[in-house]
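One structure is given below, encoded as C-alpha cells.
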Amino acid sequence: MINTKVLKISKRIAIILLIAAFSIAGIVACSGDDITGSGGRNYSSENTNPGGSSGGGDSSGGNGDSDGGDDSDGDTDGGDDTPTLPNDSPADYYDVRVPFGVGGDGYTNVSYKDTNKLKQLWFDQINRKAVNDGKVFAIRNRGNNRDVNNFQNRHTHGQYSARDYYFFNENGDIVYKEDNTIIKRLVGAVIIPYRDITIKRGDYENSWTIQKNGITWKEKNIYTIGAIYANALTTEQARTKYSGDNPFKDGVFDFVAARHYVQTWWSGAFFANNLFERQYINPGFIEVFVIYDYDNQGYSGAASVHSYYAYYGIYNYHEEYKNHPGIYFTAQNMPYMTNQNMYLSQRPEYITRQLNHTAMFTDNHRGWKFLFMPGQKDVSETRRVVKINNGMIR
C-alpha cells in the first residue's frame with residue numbers, strides 16, 4: 001500500500017517538473033533580443049545600442065553615430081509605413097534650403113544619410129522644379145555677358161565665336177555646349193552650410209598673409225544641397241584643349257583650374273600678385289557646387305555659381321613647379337581631394353571643415369560672368385527636331 005502511494009506521488013511530481021520545465025523554456029525563448037519577422041528581417045524589441053544595428057541584426061555598431069534615439073525599424077504589425085534609413089534618428093535630419101527646387105519657403109527636412117534624396121533635390125534645383133516655368137538651369141561661361149534671353153545663342157568676339165555656356169545632361173554632368181565635352185561629372189550630393197561670399201583683396205595685418213582664395217567667407221548656419229562633381233580633365237589637359245587667345249575656350253580652363261590672382265601683403269604694403277591654378281594631376285578631383293539664389297547683375301531667376309573644395313597643392317604657380325605640380329599631395333590628403341566617399345552620408349559640420357577652399361566663380365574680382373541662368377534644355381537638338389519634322393533635315 002505504501003509503495004502504491006509513493007508511486008502515485010512520484011508520478012505527480014514528475015508531471016509537475018515536466019510542466020515547469022516547458023514553461024521555463026517558453027519564457028526564455030520569448031525573451032530573446034531579436035524576433036524574426038516577415039522577409040527574414042530582424043526587428044529588435046528594444047534597441048539599447050544608440051547608433052548601432054537595426055534591420056539586418058548586425059551588432060557590430062553600425063556607423064558609429066552617437067546621437068542616440070531609437071534606431072529600430074518599427075512595428076511588425078503595420079503601424080507606420082514611413083520608410084526609414086539604416087540607424088535612422090531624428091538627429092539625422094536637417095532643415096535644408098533648396099532654392100528653385102522646393103516650393104513655399106524653399107525648405108525641406110531631409111536626412112544627411114539619404115544620398116538618393118539629396119541627389120534628387122539637386123536635380124530638382126537644376127530643373128527649376130519649384131519655378132515650373134518650362135526652363136532649366138544652364139551655366140553661363142566666364143566671358144559670356146549676354147542676358148537670360150540671349151546667353152545660349154552663338155556670339156562672336158573678334159575672330160572667335162561660340163555657344164558659350166554649359167548645360168546639364170541627363171546624368172547631371174556639366175557639359176560645355178560648344179564642343180559637347182563633359183567638364184565635370186556628378187558623383188553625389190550632400191548637405192552643406194552656405195558660406196558668406198565677399199571679395200577681399202588682401203589682408204592689412206602686421207604679418208605675412210597669403211590670401212589663398214582672394215575672398216573671405218564664414219558659415220551662415222543655413223544648410224543647402226551641395227552637388228559633388230568630379231572634374232573630367234586634368235589641369236594640363238584643360239590647358240592644352242582650352243587655354244589661350246580664344247576668350248570662350250579660355251573660360252573653360254578657368255572653370256577647371258579656378259585660376260585667379262593671389263595677393264600677398266607684408267605690414268600693409270603690397271608685396272606680390274601671383275597666379276593661382278588648381279593643379280589637378282589626374283582626372284577626378286572633386287568639388288562641391290552650391291546654388292546661391294542671387295546674382296550680381298540683377299537678372300530675374302538667375303543664381304550665383306560657387307564651389308567648395310579640399311586642396312593641398314601649391315598655391316602660387318611658379319616655373320619651378322611645372323614639372324612637379326603635385327609636390328604637396330600625399331597619401332593622407334589625396335582622398336579628401338578625389339574621393340567622394342569621404343563626404344557622402346557624412347554630417348555637414350564634418351564636410352565643411354574638410355573643404356578648405358572656396359571657388360568664387362561669380363563674384364571673382366577679375367570680372368567673371370559665370371551664372372546659373374534659366375534657359376532652354378539642349379537648344380540645338382530641339383531646333384534640329386523641329387527641322388526634321390518640317391522635312392528640312394540638314
Side-chain angles (χ1 to χ4, degrees), residues 96 98-103 108 110 114-141 144 148 151-154 162-192 224-233 237-238 241-242 248 251-252 255-256 283-293 301-307 338-341 343-345 361 370-389 393:
V96 178
V98 190
F100 307 101
V102 172
T108 188
V110 61
D114 195 346
T115 55
N116 290 331
K117 177 64 174 178
L118 295 175
K119 191 174 182 180
Q120 181 59 54
L121 287 170
W122 175 253
F123 275 99
D124 292 345
Q125 281 192 295
I126 61 178
N127 289 322
R128 299 168 55 82
K129 180 180 178 180
V131 183
N132 194 27
D133 60 358
K135 295 184 177 181
V136 297
F137 269 135
I139 300 176
R140 193 176 68 172
N141 201 16
N144 187 343
V148 293
F151 79 99
Q152 288 179 300
N153 297 332
R154 179 171 295 278
R163 304 283 293 283
D164 197 32
Y165 68 94
Y166 308 87
F167 66 89
F168 295 92
N169 67 13
E170 65 276 9
N171 298 318
D173 304 331
I174 298 174
V175 184
Y176 184 49
K177 181 61 183 179
E178 179 60 19
D179 60 9
N180 289 310
T181 297
I182 294 177
I183 305 301
K184 302 174 190 289
R185 299 183 186 276
L186 179 64
V187 294
V190 295
I191 299 174
I192 194 76
T224 189
I225 299 299
I228 306 177
Y229 277 89
N231 284 275
L233 303 172
Q237 286 172 339
K241 187 176 179 68
Y242 294 110
F248 307 119
V252 182
F255 200 38
V256 174
F285 276 73
I286 59 178
E287 56 191 317
V288 178
F289 273 87
V290 174
I291 293 179
Y292 283 71
D293 58 331
S304 292
V305 183
H306 302 303
S307 77
T338 60
N339 187 354
Q340 66 269 18
N341 292 320
Y343 306 109
L344 292 174
S345 298
F361 288 110
F370 293 101
L371 277 176
F372 286 104
M373 301 278 272
Q376 302 299 320
K377 187 173 183 179
D378 205 354
V379 173
S380 62
E381 292 300 321
T382 301
R383 288 176 178 172
R384 182 169 175 77
V385 170
V386 170
K387 290 179 180 179
I388 291 173
N389 290 340
I393 303 175

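Residues: numbered from 1 along the sequence shown.
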Note to self: I'd like to know if the side chain of D133 reaches the main chain of K135, judged simply by a donor and an acceptor atom lying under 3.5 Å from each other, with no hydrogens or angles considered.
What the structure shows: yes

Notebook entry, point to check: How many angstroms lie between atom OG1 of T224 and atom CG of D293, to the nearest 0.5 angstrom?
Noted result: 8.5 Å

Note to self: Using the rule given for side-chain hydrogen bond (donor to acceptor under 3.5 Å, both in side chains), can you reason through Q120 versus D124, listing the C-alpha separation, both sets of side-chain angles and the distance that settles it, and then say yes or no?
What the structure shows: CA-CA 6 Å; Q120 181 59 54; D124 292 345; 2.9 Å; yes

Check: Do any N or O atoms from the side chain of D179 and from the backbone of T181 form a donor-acceptor pair under 3.5 angstrom?
Finding: yes

Item checked: Residue pair Y165, N141: steps toward the side chain to side chain contact (heavy atoms under 4.5 Å, CB included) verdict -> CA-CA 5 Å; Y165 68 94; N141 201 16; 5.6 Å; no

Check: Rounded to the nearest 0.5 Å, how far apart are CD1 of I174 and OH of Y229?
Finding: 4.5 Å

Check: What heavy-atom pair brings A303 and I291 nearest, and what distance separates the two atoms?
Finding: CB-CG2, 3.7 Å

Check: Quick one: does Q340's side chain have a donor or acceptor within less than 3.5 Å of a partner on I228's backbone?
Finding: no

Notebook entry, point to check: Should the pair K184 and F255 be classed as cation-pi, given the thresholds of under 6.0 Å to the six-membered ring centre and 45° from the axis?
Noted result: yes

Check: So which heavy atom on F361 is nearest to which on E287, and how close?
Finding: CE1-OE1, 4.1 Å

Next item on the list: Show the numbers, then the answer: is there a side chain to side chain contact (heavy atoms under 4.5 Å, CB included) between F123 and Q125?
Entry: CA-CA 5 Å; F123 275 99; Q125 281 192 295; over 6 Å; no

Next item on the list: Might you point out which heavy atoms bring M373 and A302 nearest each other, and give the distance in Å?
Entry: SD-CB, 3.9 Å

Margin query: One pair to check against side chain to side chain contact (heavy atoms under 4.5 Å, CB included): T338 and I286. What are the steps and the verdict?
Written below: CA-CA 5 Å; T338 60; I286 59 178; 5.8 Å; no

Note to self: Testing the basics here: between S304 and L371, what is the closest heavy-atom pair and its distance to 0.1 Å?
What the structure shows: CA-CD2, 4.1 Å

Checklist line | Atom pair CZ/CD1 of F370 and I139 - distance to nearest 0.5 Å | finding: 8.5 Å

Next item on the list: Compare every heavy atom of D173 with every heavy atom of L186, then report the nearest pair and how far apart it is.
Entry: N-OD1, 2.9 Å

Check: Rounded to the nearest 0.5 Å, how far does OH of Y242 lie from CD of E178?
Finding: 9.5 Å

Checklist line | Minimum heavy-atom distance L121-V98, with the two atoms named | finding: O-CG1, 3.9 Å

Next item on the list: Kindly say whether N171 contributes a backbone atom to a donor-acceptor pair with the side chain of N169 at under 3.5 angstrom?
Entry: yes

Notebook entry, point to check: Centre of F137's six-membered ring, under 6.0 Å away, within 45 degrees of the axis: is that where NZ or CZ of R128 sits?
Noted result: yes

Notebook entry, point to check: So, do Y292 and H306 have ring centers that fall under 6.0 Å from each other?
Noted result: yes

Notebook entry, point to check: For the atom pair CD1 (I192) and CD1 (I225), what is the distance rounded to the nearest 0.5 Å?
Noted result: 10.5 Å

Check: Going through the distances and angles, do V288 and S307 end up as a side chain to side chain contact (heavy atoms under 4.5 Å, CB included)?
Finding: CA-CA 5 Å; V288 178; S307 77; 5.9 Å; no

Notebook entry, point to check: Atom CZ of F168 and atom CD1 of I126: how far apart are they, to the nearest 0.5 Å?
Noted result: 5.0 Å

Next item on the list: Classify the angle between the aromatic ring planes of Y176 and Y166 as parallel (below 30°), tilted (30 to 60°) or perpendicular (above 60°).
Entry: tilted

Margin query: If we ignore hydrogens and angles and just use 3.5 Å, is the side chain of N144 paired with the main-chain N or O of R140 as donor and acceptor?
Written below: no

